[in-house]
Amino acid sequence: MDCMIRPATQDDAAAISRVVIAALRESNARDYAPEVISRIEQSFTPQAVAALLGTRRVFVASLHGMPIATASLDSEVVRTVFVDPAYQGGGVGRRLMETLHAEALNLGMAKLLVPSSLTAEGFYAGLGYRKVRDEFHGAERTVVMEKTLQACG
């Protein structure tokens with residue numbers, strides 16, 4: 001897929017919110033109860049996303065100028081990796097993760113952690129992440145995974 005990956009701006013907050021909520025409702029809902037999805041959605045309103053843009057390195061993948069996926073770095077932690085359900089499986093998430101890996105290496109990071117949803121555990125494993133532990137936040141189970149980064153060349 002010929003999308004463009006770039007740093008997110010405040011103007012992207014509403015579109016990022018839409019992408020995250022659509023993925024939560026369609027993809028993550030297979031692995032989590034409705035009340036868990038509803039609670040997580042509250043962290044991704046346009047206002048909440050706008051606030052995150054000030055504290056994380058957030059990237060978007062856009063197609064024809066419209067964000068279709070997002071991912072961010074919060075120090076050495078990968079967060080908020082979501083692809084619009086209509087574009088899942090097309091390599092957009094992988095390209096975003098490659099961008100995060102390059103950014104982390106440029107910042108001198110040797111490894112990354114990701115608190116993965118059950119839904120995305122296989123995706124991260126396919127990128128070389130390994131499971132470290134499970135964490136539970138009420139009814140929400142998160143799989144903490146890590147990857148040691150290697151520079152190309």
Side-chain angles (χ1 to χ4, degrees), residues 1-13 15-24 26-32 36-37 40-41 43-44 48-137 140-153:
M1 180 169 307
D2 193 24
C3 61
M4 183 180 86
I5 297 177
R6 61 173 173 75
T9 68
Q10 288 293 322
D11 291 340
D12 295 317
I16 291 170
S17 174
R18 281 192 300 275
V19 166
V20 171
I21 290 172
L24 284 168
E26 191 166 320
S27 302
N28 295 85
R30 293 186 293 252
D31 296 309
Y32 294 96
V36 172
I37 296 296
I40 296 169
E41 282 182 17
S43 298
F44 295 104
V49 171
L52 289 175
L53 287 167
T55 62
R56 297 179 182 172
R57 295 177 185 279
V58 182
F59 293 87
V60 293
S62 61
L63 189 61
H64 309 298
M66 177 60 93
I68 60 167
T70 188
S72 66
L73 272 180
D74 183 6
S75 189
E76 294 180 336
V77 181
V78 173
R79 298 203 183 269
T80 319
V81 180
F82 289 95
V83 177
D84 182 305
Y87 299 98
Q88 290 176 2
V92 178
R94 178 176 289 276
R95 287 195 49 214
L96 270 169
M97 290 300 295
E98 289 168 356
T99 299
L100 291 188
H101 293 161
E103 181 80 3
L105 283 167
N106 286 338
L107 294 168
M109 297 177 196
K111 78 174 180 182
L112 289 175
L113 292 171
V114 62
S116 174
S117 66
L118 298 175
T119 312
E121 184 178 4
F123 168 73
Y124 293 116
L127 295 173
Y129 284 79
R130 65 173 188 79
K131 180 178 176 176
V132 176
R133 67 183 177 277
D134 287 331
E135 288 185 355
F136 293 87
H137 308 279
E140 178 188 354
R141 178 176 150 216
T142 301
V143 182
V144 178
M145 303 177 79
E146 73 177 3
K147 176 181 176 129
T148 300
L149 301 175
Q150 297 178 338
C152 296

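- Taking the side-chain contact (heavy atoms from CB on, under 4.5 Å) definition, one finds that T119 meets it with S27, N28, R30, D31, Y32, S117, sequence neighbours left out.
- Here A71 pairs with V81, L96, L100 under the side-chain contact (heavy atoms from CB on, under 4.5 Å) rule; sequence neighbours left out.
- In terms of heavy atoms, R95 sits closest to C3 at NH1-O, 3.1 Å.
- Qualifying ring-ring contact (aromatic ring centres under 6.0 Å, His included) partners for Y129, counting only residues two or more places apart in sequence or in other chains: H101, Y124.
- Residues passing the side-chain hydrogen bond (donor to acceptor under 3.5 Å, both in side chains) test with S116, sequence neighbours excluded: none.
- Legend: residues meeting salt bridge (charged side-chain N to carboxylate O under 4.0 Å, His left out) with E76, ordered by chain and number and at least two apart, are absent.
- Salt bridge absent: E135 and R141 never bring a charged side-chain N and a carboxylate O closer than 4.0 Å.
- When the salt bridge (charged side-chain N to carboxylate O under 4.0 Å, His left out) test is applied to D11, no partner is found at least two apart in sequence or on another chain.
- Qualifying side-chain hydrogen bond (donor to acceptor under 3.5 Å, both in side chains) partners for R18, counting only residues two or more places apart in sequence or in other chains: none.
- Listed by chain and residue number, F59 satisfy the side-chain contact (heavy atoms from CB on, under 4.5 Å) test with P7 (two or more places apart in sequence, or in another chain).
- M109 and S75 make their closest contact through CE-O, 3.1 Å (heavy atoms, listed as atom of the first residue, atom of the second, distance).
- In this structure, E98 has no salt bridge (charged side-chain N to carboxylate O under 4.0 Å, His left out) partners at least two apart in sequence or on a different chain.
- Across all their heavy atoms, Q10 and G54 have their closest contact at NE2-N, 4.4 Å.
- Between the side chain of E146 and the main chain of K111, no donor-acceptor pair closer than 3.5 Å is present.
- The side-chain heavy atoms of L105 and Q150, taken from C-beta on, include no pair separated by under 4.5 Å.
- When atom types are taken as modelled, the side chain of E41 and the backbone of I21 share no donor-acceptor pair closer than 3.5 angstrom.
- In this view, E26 satisfies the salt bridge (charged side-chain N to carboxylate O under 4.0 Å, His left out) rule with no residue, not counting sequence neighbours.
- A side-chain donor-acceptor contact under 3.5 Å links K147 to the backbone of L127.
- With sequence neighbours excluded, the residues forming a side-chain contact (heavy atoms from CB on, under 4.5 Å) with A125 are M145, listed by chain and number.
- For the side-chain hydrogen bond (donor to acceptor under 3.5 Å, both in side chains) test, no residue two or more places apart in sequence or in another chain qualifies with T55.
- Of all heavy-atom pairs spanning A104 and L73, the tightest one is N-CD1, 4.0 Å.
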